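Each chain gets a letter, A, B and so on, in the order its sequence line appears, and its residues count up from 1. Not measured: the values here are computed from a predicted model.
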Amino acid sequence: MPELAEVEYYRRQWDAGLRRQVTRVALHGGARLFRGEDPVRFAAALPGARLLGSEARAKQMLFRFSRGLWVGVHLGMTGKIRVEPRDFVPGRHDHLVLFQATQALVFSDPRMFGRVRFFEGTAPPPWWTALPAAVTSPEFTVEVVRDFLRRRARLAVKAALLVQTRFPGVGNWMADEILWRARIDPRRTCGTLARRAEGLWRETREVCRVAMETVAVDFSDPPEGWFYHVRWAGDGACPRCGRTVKSATIGGRTTRWCGRCQR
DNA sequence: CGAGATGTTCGGCT
DNA sequence: AAGCCGAACATCTC
């Protein structure tokens, strides 16, 4: 499920636990989620620490605790963050639960494509600091997009939008939305899009900006008129021209677009 | 029952 | 050598 704005929404769910101590940590299976980590050691270190704050960037989140402890979460395809009562009993897919006096902070992920990382230090972990600048930041310029299109000349533009080092936080539905607004055929290769770089840049920023003002706030759907609303069913109609949307696998992902509006 | 799912990573081919 | 593609990961839902 989660792309940029949904990740921000999920991050805020644990705000309910701000300034409170963790009393107990429950780990449940899913060793894959903790790959490269030592969850048992960390579960022993966390009780007594307080949740001090958190941040989301791209599809990653980082939770900061006192005592210099940090927890990083990536939701993968089916990860979720939620809050349950203090007497919560973790279910099959609730892989990490941070109990507090008044509630339980829960991370679940049935498919286990997500990832949980632990870190101890005074500054955020290196993997966090190394994340690319947001597409809504001043560093994300039209020149950056133009360079990338040149370098990936033979890659389908749909696949290019999913490259996280260049378009951090953009996922499958946002990529389709961006291309629909920019009127670009998702099958086109980047090398043919030199003159469309500005539109692609502008719509990337716009889709992310508006998604952060809607989806991220309350998990509501994006605004009416967005391609989003027609891209799920096989027979949706283009909000602009009414033509039935096309469907194909591009860059290994299901892609929907309007054969008339997008060239 | 088979197909597909809003993501990443790895191995292999060009 | 870099870039690209397809498979794999694990489970649920339609």
Side-chain angles (χ1 to χ4, degrees), chain A residues 1-11 28-37 56-61 72-81 90-96 107-117 127-128 130-132 135 147-180 186-193 204 207-208 210-212 214-216 218-222 226-236 245 247-257:
Chain A
M1 188 181 273
E3 303 178 27
L4 185 74
E6 289 117 342
V7 171
E8 167 63 11
Y9 171 81
Y10 281 123
R11 176 196 68 78
H28 184 265
R32 175 189 163 77
L33 291 162
F34 306 109
R35 54 192 178 278
E37 304 290 339
R57 292 179 60 182
K59 294 174 189 171
Q60 308 272 350
M61 5 180 167
V73 176
H74 188 289
L75 297 173
M77 199 84 102
T78 53
K80 284 183 169 58
I81 293 269
R92 179 155 127 84
H93 304 305
D94 302 319
H95 303 289
L96 176 68
F107 164 72
S108 63
D109 184 4
R111 286 176 79 177
M112 295 194 282
F113 290 179
R115 185 169 187 183
V116 178
R117 304 200 242 206
W127 62 263
W128 177 263
L131 288 174
V135 300
D147 284 350
F148 187 71
L149 291 174
R150 263 196 298 266
R151 221 180 342 253
R152 300 298 192 115
R154 299 175 61 182
L155 185 64
V157 63
K158 166 61 185 276
L161 281 170
L162 297 175
V163 175
Q164 292 300 295
T165 48
R166 186 45 70 214
F167 299 96
V170 173
N172 206 29
W173 77 254
M174 292 181 97
D176 282 359
E177 190 74 39
I178 291 163
L179 292 171
W180 178 76
R187 298 168 298 184
R188 286 186 68 148
T189 55
C190 293
T192 69
L193 291 170
T204 298
V207 166
C208 289
V210 177
M212 291 299 278
T214 54
V215 181
D218 56 3
F219 221 78
S220 59
D221 283 347
W226 275 35
F227 188 69
Y228 174 91
H229 300 286
V230 307
R231 78 170 296 283
W232 307 107
D235 58 350
V245 302
S247 183
T249 298
I250 304 171
R253 313 299 301 283
T254 297
T255 301
R256 297 236 156 78
W257 75 99

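- A donor-acceptor pair under 3.5 Å is formed between the side chain of A:Asn172 and the backbone N or O of A:Thr254.
- To the nearest 0.5 angstrom, A:Thr255 atom OG1 is 15.0 Å from A:Trp173 atom CH2.
- Looking at A:Arg32, its side chain does come within 3.5 Å of a backbone N or O of A:Met112 through a donor-acceptor pair.
- The nearest whole Å value for the distance from the CG atom in A:Leu161 to the P atom in C:dC4 is 14 Å.
- The P atoms of B:dT8 and C:dT13 are separated by 22 Å, rounded to the nearest whole Å.
- From A:Met77, atom CE reaches atom CG of A:Asp109 across 10.5 Å, with rounding to the nearest 0.5 Å.
- The separation between A:Leu75 atom CG and B:dG7 atom C1' is 10 Å, rounded to whole Å.
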### Message
Quick one, A:Met61 with A:Val7, criterion side-chain contact (heavy atoms from CB on, under 4.5 Å). Give me CA distance, side-chain angles, the key distance, then yes/no.
### Response
CA-CA 7 Å; A:Met61 5 180 167; A:Val7 171; 4.0 Å; yes
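- When the side-chain nitrogen and oxygen atoms of A:Arg111 are compared with OP1 and OP2 of C:dC12, none of them lie within a distance under 4.0 Å.
- Both key distances under 3.5 Å define a Watson-Crick or G-U pair, and stretches of 3 or more such consecutive pairs in DNA chain C run B:2-5 with C:11-14, B:7-14 with C:2-9.
- At a threshold of 4.0 angstrom between heavy atoms, the contacts of A:Gly252 with the nucleic acid are absent.
- Judged purely by atom type and a 3.5 angstrom limit, A:Glu177 uses its side chain to pair as donor or acceptor with the backbone of A:Phe227.
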### B/S/- contact track for nucleotides 8-14 of chain B, protein heavy atom under 4.0 Å
S------
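- Judged by closest nucleotide on DNA chain C, A:Arg151 is the one of A:Arg151 and A:Met112 placed further toward the 5' end.
- A donor-acceptor distance shorter than 3.5 angstrom exists from the side chain of A:Lys59 to the backbone of A:Val170, with no hydrogens or angles considered.
- In this structure, NE2 of A:His93 is placed 9 Å from C1' of C:dA10, rounded to the nearest angstrom.
- Taking atom CZ of A:Arg166 as the reference point, atom P of C:dA2 lies 17 Å away to the nearest angstrom.
- Here the side chain of A:Gln164 pairs a donor or acceptor atom with the backbone of A:Leu162 at under 3.5 angstrom.
- B:dG7 atom C1' lies 10 Å from atom CG of A:Asp109, rounded to whole Å.
- Taking 4.0 angstrom as the limit, A:Thr254 places a side-chain polar atom (N or O) nearer than this to OP1 or OP2 of B:dA5.
- The separation between A:Lys158 atom NZ and B:dG7 atom P is 9 Å, rounded to whole Å.
- Nucleotides C:dA10 and B:dG11 have their P atoms positioned 16 Å apart, rounded to a whole Å.
- No more than 12 heavy atoms of other residues, nucleotides or ligands sit less than 6.0 Å from atom CZ of A:Arg154.
- In this entry the distance linking CE of A:Met77 with C1' of C:dC9 reads 10 Å, nearest Å.
- Atom CD1 in A:Ile250 sits roughly 17 Å away from atom C1' in B:dA5 (whole-Å rounding).
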